[in-house]
Amino acid sequence: GNSVTQMEGPVTLSEEAFLTINCTYTATGYPSLFWYVQYPGEGLQLLLKATKADDKGSNKGFEATYRKETTSFHLEKGSVQVSDSAVYFCALSDQNRDDKIIFGKGTRLHILP
Amino acid sequence: SQTIHQWPATLVQPVGSPLSLECTVEGTSNPNLYWYRQAAGRGLQLLFYSVGIGQISSEVPQNLSASRPQDRQFILSSKKLLLSDSGFYLCAWSPQTGEKAFFGQGTRLTVV
């Protein structure tokens with residue numbers, strides 16, 4: 001079945017550092033890909049999405065590009081802030097297969113001032 | 001605008017007691033509905049999802065069940081809670097498959 005694998009955390013960086021959180025997926029079709037963020041004590045909220053190959057999703061300085069050839073959707077940000085500290089989830093939804101939304105295990109990010 | 005309500009926010013229940021968590025969505029019709037459990041180190045585990053009234057798909061066999069008695073109402077239940085049922089439960093909805101999901105604020109369940 002479909003699945004999502006993302007890098008284990010926690011990831012600890014200093015403020016203004018460059019961030020990459022790796023995400024790869026397994027899917028038989030052409031899924032939509034998402035990054036969600038969960039701030040401390042809150043539910044999840046969508047950070048960005050991409051619906052087809054080579055699409056780039058972006059929001060709040062974060063970017064991720066849908067790479068079908070490498071089945072990846074890595075999250076990047078050029079200069080992180082303390083307020084970016086949160087748990088980040090990669091997810092996919094394949095409407096040609098079923099109605100599930102499958103999430104990775106999440107990556108906890110700590111940004112030090 | 002659409003909103004999702006999930007309650008209660010926190011719950012402490014003894015082992016063997018029943019459970020009922022409720023989730024309702026406003027401002028949309030015929031949403032896809034989802035129940036997830038978030039446990040430390042295990043990420044977000046899909047428990048149940050529903051694409052319509054009375055239609056429930058179960059992902060993980062366990063002592064939990066779900067029901068969708070109305071279009072915008074999704075209920076997570078258990079007849080007898082286990083210690084292992086402790087966790088953070090999240091309800092979510094999406095307009096249709098392939099679209100982004102909107103999450104409730106979650107319920108922190110502690111079984112003692």
Side-chain angles (χ1 to χ4, degrees), chain A residues 1-10 21 23 25 27-52 55 57-59 64 66 73 86-109, chain B residues 1-10 21 23-25 30-53 55-60 66 68 74 87-109:
Chain A
N2 293 350
S3 65
V4 175
T5 302
Q6 60 182 105
M7 63 188 292
E8 298 273 337
I21 300 178
C23 171
Y25 67 91
T28 54
Y30 299 89
S32 295
L33 301 175
F34 308 86
W35 276 100
Y36 287 83
V37 59
Q38 184 179 33
Y39 296 104
E42 298 183 11
L44 275 73
Q45 56 185 280
L46 181 71
L47 181 61
L48 53 85
K49 64 178 276 189
T51 58
K52 60 182 186 297
D55 266 3
S58 61
N59 185 26
Y66 191 144
F73 193 54
V87 182
Y88 292 82
F89 292 90
C90 187
L92 71 80
S93 179
D94 186 353
Q95 63 189 72
N96 294 312
R97 177 181 173 87
D98 53 36
D99 302 296
K100 303 177 191 177
I101 305 175
I102 305 297
F103 285 81
K105 290 190 174 183
T107 302
R108 185 173 296 278
L109 175 65
Chain B
S1 64
Q2 303 92 353
T3 57
I4 179 169
H5 301 281
Q6 183 182 343
W7 68 91
T10 59
L21 302 181
C23 174
T24 59
V25 180
N30 198 32
N32 288 359
L33 296 171
Y34 305 86
W35 276 112
Y36 290 89
R37 179 168 59 200
Q38 185 177 15
R42 297 188 61 185
L44 219 56
Q45 181 185 34
L46 178 62
L47 301 176
F48 302 94
Y49 64 99
S50 170
V51 298
I53 296 175
Q55 299 179 53
I56 307 295
S57 296
S58 174
E59 282 298 292
V60 183
R68 185 171 178 173
F74 205 25
F88 191 53
Y89 289 83
L90 287 160
C91 179
W93 74 276
S94 69
Q96 61 183 34
T97 303
E99 296 292 321
K100 70 178 183 181
F102 300 86
F103 282 81
Q105 289 297 97
T107 297
R108 173 75 59 190
L109 172 66

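So you know, we letter chains A, B, ... as the sequences are listed, proteins then strands, and number each from 1. Computed over heavy atoms, backbone and side chain alike; hydrogens, waters and symmetry mates excluded. This is a predicted model, so every value here is computed, not measured.
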Problem - All pairs passing salt bridge (Lys or Arg N to Asp or Glu O under 4.0 Å) where residues 36-45 of chain A contributes a residue, at least two apart - result: none
Practice task
Kindly say whether the aromatic ring centers of Tyr36(A) and Phe103(B) come within a distance under 6.0 Å.
Solution key: yes
Exercise for the section: Would you confirm whether Arg68(B), through its side chain, and Ser50(B), through its main-chain N or O, come within 3.5 Å as a donor-acceptor pair? Expected result: yes
Problem - Sub-4.5 Å side-chain heavy-atom contact between Arg37(B) and Gln45(B) - result: yes
Completion exercise
Under 4.5 Å to a heavy atom of chain A? For Phe102(B) that would be neither
Problem - Residue pairs, two or more places apart or on separate chains, that pass salt bridge (Lys or Arg N to Asp or Glu O under 4.0 Å) and touch residues 94-106 of chain B - result: Lys49(A)-Glu99(B)
Problem - Residue selection (most heavy-atom pairs with chain A, distance under 4.5 Å) from Gln6(B), Gln38(B), Gln96(B) - result: Gln38(B)
Fill in the blank from the handout: If one checks every heavy atom of Gln6(A) against chain B at 4.5 Å, the contacting part turns out to be neither
Handout entry: Structural part of Leu44(B) lying under 4.5 Å from a heavy atom of chain A
Key = both
Problem - Proximity breakdown for Asp94(A) and chain B, heavy-atom pairs closer than 4.5 Å - result: backbone
Fill in the blank from the handout: Ranking Gln38(A), Arg108(A), Gln45(A) by heavy-atom pairs under 4.5 Å to chain B gives rank one to Gln38(A)
